[in-house]
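Each remark here refers to the structure printed beneath this line.
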Amino acid sequence: MFFSKKKKETLTVTGMTCSHCEQSVEKGIKQIAGVDSVKAHANANTVDIFYKGEIPDLVVVKNKIVELGFEIG
């Protein structure tokens, strides 16, 4: 059986200050087509986006982050 290895894209996101912010970003991005999982890190100002196959549309991802009230660094 063939298993596709997860790939990762990391974005700099500012404005996250707590775990609630992290959860909000994770929940929002997880809904985007092609995203397998998400891990936000408020202390590091980063969001790791994991996917298999083709990379998700990063314009859509960035727009969702801004829509949630955060900034792309």
What pair of heavy atoms forms the shortest contact from [X] to [Y], and how long is it?
{"X": "Ala40", "Y": "Glu26", "value": "N-OE2, 2.8 Å"}
{"X": "Cys21", "Y": "Gly15", "value": "SG-O, 4.4 Å"}
{"X": "Lys8", "Y": "Phe50", "value": "CD-CE2, 3.5 Å"}
{"X": "Pro56", "Y": "Ala33", "value": "CB-O, 3.8 Å"}
{"X": "Leu68", "Y": "Ser24", "value": "CD1-O, 3.7 Å"}

[X] side chain near [Y] side chain, heavy-atom distance below 4.5 Å:
{"X": "Glu71", "Y": "Val66", "value": "no"}
{"X": "Gln23", "Y": "Lys27", "value": "no"}
{"X": "Lys5", "Y": "Lys52", "value": "no"}
{"X": "Tyr51", "Y": "Lys6", "value": "no"}
{"X": "Val61", "Y": "Leu11", "value": "yes"}
{"X": "Val38", "Y": "Val47", "value": "yes"}
{"X": "Ile29", "Y": "Ile65", "value": "yes"}

| Glu22 CD to Phe70 CZ distance, which is reported to the nearest 0.5 Å | 9.5 Å
| query | Say you draw a straight line from NE2 of His41 to CE of Met16; how long is it, rounded to the nearest 0.5 Å? | reply | 8.0 Å
| said: Can a donor-acceptor pair be found, under 3.5 Å and without considering hydrogens, that links the side chain of Glu9 to the backbone of Ile49? | reply: no
| Counting distance only, does the side-chain N/O of Lys7 pair as donor-acceptor with the main-chain N or O of Gly53 below 3.5 Å? | yes
| query | Just checking, any donor-acceptor pair under 3.5 angstrom between side chains of Asp48 and Thr10? | reply | yes
| query | Any link between Val60 and Ile72 through a network of hydrophobic side chains (Ile, Leu, Val, Met, Phe, Trp, Tyr) touching at under 4.5 Å? | reply | yes
